[in-house]
Amino acid sequence: MKLLKFLRHLFIPHESNNQKGRILHPSSLSLIAVFLIAFQVLLSVFPRSLPRVLGYAANISPAEVIRLTNAQRAASGLSPVSENSKLDSAALAKGNDMLAKGYWAHFAPDGTSPWSFFMNFGYKYQYAGENLARDFSNANDAVNAWMNSPSHRENILNSKYKEIGIGVVEGNLAGVNTTIIVQFFGTPLGGAPVVSDVQAREPAKTTIPKPSAAPALTTAKPELVPVITITPTPSPVPSPQAVSVKFVSPFSSTKNLSLAVLGLLLMALSIDIIVVRRKRIARIGGRTLAHIAFLGMILAVILILKAGQII
């Protein structure tokens, strides 16, 4: 009985809650907002003290990133890019380099460029590009984030790219466990056939050193792509480069909590509207403030749902 009375007080307008469900009162909405903010702060601090319990876990298959990339190209009438093992190795090396040196950028602090990784693995390119993403738990959200960014989208839909390489790494970056996706696009020098790889944005112009057997060639220097954020769906089958799963994922925790709060508030607001209309309850004050607070909460929840970054 006590539980029923509490739920009635929380959701159904009547005398004890001043004809408005307690959860819709400005004070209650403020407490929920504080709770959500505190939850996000804990997610950013907790992994540093207990990284094996709470970490940025993902199960992203490079093959799925390539499939989704080619699906976007096909939708725009472009031919698919093929996966190239050298580009895969170069992308994986770039991801590990960021973790080892503690940077999140296209260029390393020591000036190492993304294109250095192409050359390190013997990939001589005519065109090259790079897209980076971090803190996504599934490939679909990462690719959608790139497609929603004009510069990253331009890389994915660049007809000059013929091959792609994907690297997915998980580790500690600036004190926080994270997942990084490196997407390299390339067109081999001289137009030699290549194996499938993930496409990136086309770079600024740059001159490539002469290959021993071929004439010197001026090539386009890959353009760098910005990074975004979004919420993931784990892939069923992990690949060799897939990230290891932690016990608890901040991605799913944030998404589930935010959706639960949003659903609860929408349910409370619906009940409030129905009861007020049926009982013809007249409210004198507090309505505007409560609704503004409610809308503010909706915006806060939507912002919290944005996980992940791209560059």
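Bear in mind the structure is a predicted one, so any value in this text is a computation, not a measurement.
Taking CH2 of Trp115 as the reference point, atom CZ of Phe107 lies at 7.0 Å (rounded to 0.5 Å). How far CH2 of Trp146 is from CG of Leu68: 10.0 Å, rounded to the nearest 0.5 Å. Atom CE of residue Met267 and atom CG of residue Leu262 lie 12.0 Å apart, to the nearest 0.5 angstrom. A distance of 4.5 Å separates CZ of Arg22 from OG of Ser28, quoted to the nearest 0.5 Å. Within the model, atoms CG of Leu173 and OG1 of Thr179 stand 11.0 Å from one another, a figure rounded to the nearest 0.5 Å. The CG atom of Asp272 sits 12.0 Å away from atom CG of Leu265, with the distance rounded to the nearest 0.5 Å.
The shortest non-hydrogen separation linking Phe136 to Ala142 is CD2-N, 3.7 Å. Among all heavy-atom pairs drawn from Met147 and Gln72, the shortest one is CE-OE1, 3.3 Å. Residues Ile60 and Pro62 share a closest heavy-atom pair of O-CD, 3.5 Å. The heavy-atom pair separating Ile32 from Ile23 by the smallest distance is CD1-CG1, 4.1 Å. Of all the heavy atoms in Met98 and Trp104, the pair that sits closest is SD-CE3, 3.9 Å. Scanning all heavy atoms of the two residues, the minimum distance from Leu24 to Leu29 falls at O-CD1, 3.7 Å.
Linking ILVMFWY residues whenever their side-chain heavy atoms come closer than 4.5 Å, directly or via other members, leaves Val182 and Phe121 in distinct clusters. Side-chain heavy atoms closer than 4.5 Å link hydrophobic residues (I, L, V, M, F, W, Y) into clusters, and following such links, even through other members, never connects Leu269 to Ile274. Follow the hydrophobic side-chain contacts under 4.5 Å out from Phe6 and you never reach Leu31; the two are in separate clusters.
By the side chain to side chain contact (heavy atoms under 4.5 Å, CB included) test, Ile12 pairs with Arg8, Ile271, Val275, sequence neighbours left out. For Asp97, the side chain to side chain contact (heavy atoms under 4.5 Å, CB included) criterion is met by Lys101, Tyr103, Ala108, Phe117, not counting sequence neighbours. Residues satisfying the salt bridge (Lys or Arg N to Asp or Glu O under 4.0 Å) test with Lys279, not counting sequence neighbours, are none.
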(request) Apply side-chain contact (heavy atoms from CB on, under 4.5 Å) to the pair Met119 and Tyr125, showing each step before the final yes or no. (result) CA-CA 8 Å; Met119 303 303 289; Tyr125 61 87; 4.0 Å; yes

(request) Decide yes or no on side-chain contact (heavy atoms from CB on, under 4.5 Å) for Phe39 and Val261, but give the supporting numbers first. (result) CA-CA 13 Å; Phe39 181 74; Val261 170; over 6 Å; no

(request) Let me see the working for Lys20 and Ile281 under side-chain contact (heavy atoms from CB on, under 4.5 Å), right down to the final yes or no. (result) CA-CA 10 Å; Lys20 180 184 287 288; Ile281 299 173; over 6 Å; no

(request) I would like to know whether Phe11 and Leu264 meet side-chain contact (heavy atoms from CB on, under 4.5 Å); could you show each step before the answer? (result) CA-CA 10 Å; Phe11 294 104; Leu264 199 64; 3.7 Å; yes

(message) Test side chain to side chain donor-acceptor pair (under 3.5 Å) on Ser27 and Ser30; report intermediate values, then the result.
(response) CA-CA 5 Å; Ser27 58; Ser30 299; over 6 Å; no

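Using a distance-only test at 3.5 Å, with no hydrogens or angles considered, a donor-acceptor pair links the side chain of Ser61 to the main chain of Ala63. At distances below 3.5 Å, not a single donor-acceptor pair connects side-chain atoms of Ser149 with backbone N or O atoms of Ala145.
Looking at heavy atoms from C-beta onward, Asn70 lies in side-chain contact with Val81 at the 4.5 angstrom threshold.
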